[in-house]
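Please read the structure below before turning to the comments.
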2 protein chains.
Amino acid sequence: MSLKKEHLKSSNIDWNQFMPGISIDCVIFGYHDKELKVLVLEYKKTGLFALPGGFIKKDETLDDAAKRVLKERTGLSNIYLNQFHTFGSLKRSDHTPMKTVLENNEASFDETHFLLQRFISVSYFALVDFKKVEPVADSLSDTCQWIDINELPSLILDHNDIYQKAHDHLKKSINSEAVGLNLLSKTFTMAELQGLHESILGKELNRTSFHRKIMLSGHLKRIGKKKTGKAHRSPYLYKFIQQ
Amino acid sequence: MSLKKEHLKSSNIDWNQFMPGISIDCVIFGYHDKELKVLVLEYKKTGLFALPGGFIKKDETLDDAAKRVLKERTGLSNIYLNQFHTFGSLKRSDHTPMKTVLENNEASFDETHFLLQRFISVSYFALVDFKKVEPVADSLSDTCQWIDINELPSLILDHNDIYQKAHDHLKKSINSEAVGLNLLSKTFTMAELQGLHESILGKELNRTSFHRKIMLSGHLKRIGKKKTGKAHRSPYLYKFIQQ
DNA sequence: CCAAAAGTGTTTTGGGTACACCCATGA
DNA sequence: TCATGGGTGTACCCAAAACACTTTTGG
């Protein structure tokens, strides 16, 4: 654990192994407690928030770099990942936030520091099982934590735009089995799946219509009753059919 | 004209003005003679084909860079442009095609030549009015010419993948008014618009259903009769309503 | 008059939604 | 028995597609 953090310590990093000028930013979605959440970093002693990101090794595929970044932040492999846009506005050339971060963390640095260049950001969104994730901060950040999408703070640079576009893409792909398959546990109740869809779309759905639509898609299989211990009838559990 | 070419001569270019490691590739669609076409470069004396591309100036927005590249190749401003994917496979690190090109064009070059690095490619697709375009080759290429999408040659690196993904995006956006508005002349017949849709989708469409659907969209306005000189009734002309 | 072009009427299909209503069940 | 969960039947709306048919019109 502390080994992992040491590994990420910025002053120990050989920045030369990365392609200059290109970064990867990730919008990592999780679902818990009936709320859709996103992993957000908070930089030490600065009050600055950002999406987790990273860089591309010179001999590494773009998609592999994204997988690696995801693994560093969540500990997970085999994550559902989707590139959705590349951001290259000049807003990204404002180095004041990163200078603030470095001033609070590095003994010394100069204007040529790797992190103080203009980056074009290739952005991915990821869907992960909340329960399996242990958020890991990097050495420049205190925390990497889940934030409810309705309580997102102001993020550095254009990261709020990035989040917004990621959420738009998630809405568009609501009918893909990937959404439920990756954001929920292996088994779940119909009410949980409906709650997830409602969180993503930001509106309530009709229960019976939702039920029929989902079952007609053919991706779901009912597997048994849940024992809740509560009064009244207990809900069935479902899982996605793996083809 | 020759001034413009001189300006593009590769040995005259200050490569240092561009961000390293990132390129822009464009899939430029045009429609003519009932066929969907794409602008393709042929490198001098090599038999190698590629999509037109360019680089990003250090103080230039990603989208502005794409607009500039488009203008260099087509002479047009105000082009309909859409970023659709960023490519970063290791296939892109194969420098043999570019070495072949340079060997046939430059007096001398070494392994550190700007064009012999690994590029991540941010890709755009563009829709242009065939009639308004004058394709302009760069100094490394003989020709920049329209090629029927059904007769595309094998392109360098992953450029065939890039084209394929661009075409997929074009199919998905078939119901956007942008498709007809940008690929056809200001006025056109219903048969021409239907032919365009058929070329993009690669299948025939029912005339009456197409007519009804298009008119119900509310974007089209009928403006008058076309004088064909042929026998039989002449078709009406339509144009898109600008809001 | 002929054939191309334009337009209408009707039907079917399929997805999505809304709602009423019934069945099952666990404490 | 009753509140919750699960499920069906029906109806409605809408976009898209398929097809038959009529009207218009330039030469």
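The chains referred to below are lettered A, B, ... by the order of the sequence lines, with proteins before strands, and numbering in each begins at 1.
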Can you tell me which nucleotide in [options] comes closest to the side chain of [X]?
| X | options | value |
| --- | --- | --- |
| B:Pro235 | C:dG26, D:dG6, C:dA6 | C:dA6 |
| A:Thr208 | C:dG16, C:dA20, D:dC19 | C:dA20 |
| B:Asn175 | C:dG26, C:dA24, D:dA16 | D:dA16 |

What's the [atom1]-[atom2] distance between [X] and [N], to the nearest Å?
| X | N | atom1 | atom2 | value |
| --- | --- | --- | --- | --- |
| A:Met215 | C:dG16 | CE | P | 16 Å |
| B:Asn206 | C:dT12 | CG | P | 17 Å |
| B:Arg207 | C:dG9 | CZ | P | 15 Å |
| A:Leu205 | C:dG16 | CG | P | 12 Å |
| B:Glu192 | C:dA5 | CD | P | 11 Å |
| A:Leu193 | D:dG5 | CG | C1' | 15 Å |
| A:Tyr238 | D:dG5 | OH | C1' | 9 Å |
| B:Ile214 | D:dA17 | CD1 | P | 11 Å |

*At under 4.0 Å between heavy atoms, what does A:Phe210 touch on the DNA or RNA strands: base, sugar-phosphate, or nothing?*
nothing
*Classify the side chain of B:Ser209 versus the base of D:dA16 as yes if they form a donor-acceptor pair under 3.5 Å and no if they do not.*
no
*Hey, is the side chain of A:Arg233 pairing donor to acceptor with the base of D:dA3 inside 3.5 Å?*
no
_Given DNA chain C, 5'-ward residue of the pair B:Arg212 and A:Arg212, judged by closest heavy atom_ = B:Arg212
*With respect to B:Pro52, which candidate in B:Val38, B:Val40, B:Leu41 satisfies the side-chain contact (heavy atoms from CB on, under 4.5 Å) definition?*
B:Leu41
*Over 60° means perpendicular and under 30° means parallel, so classify the ring planes of A:Phe130 and A:His32, tilted if in between.*
parallel
_B:Gln164 atom CD, over 12 foreign heavy atoms within 6.0 Å_ = yes
*How many angstroms lie between atom CG of B:Asn182 and atom CG of B:Asp129, to the nearest 0.5 angstrom?*
9.0 Å
*If you measure from the Lys or Arg side-chain nitrogens to the Asp or Glu carboxylate oxygens, is any gap between A:Asp168 and A:Lys171 under 4.0 Å?*
no
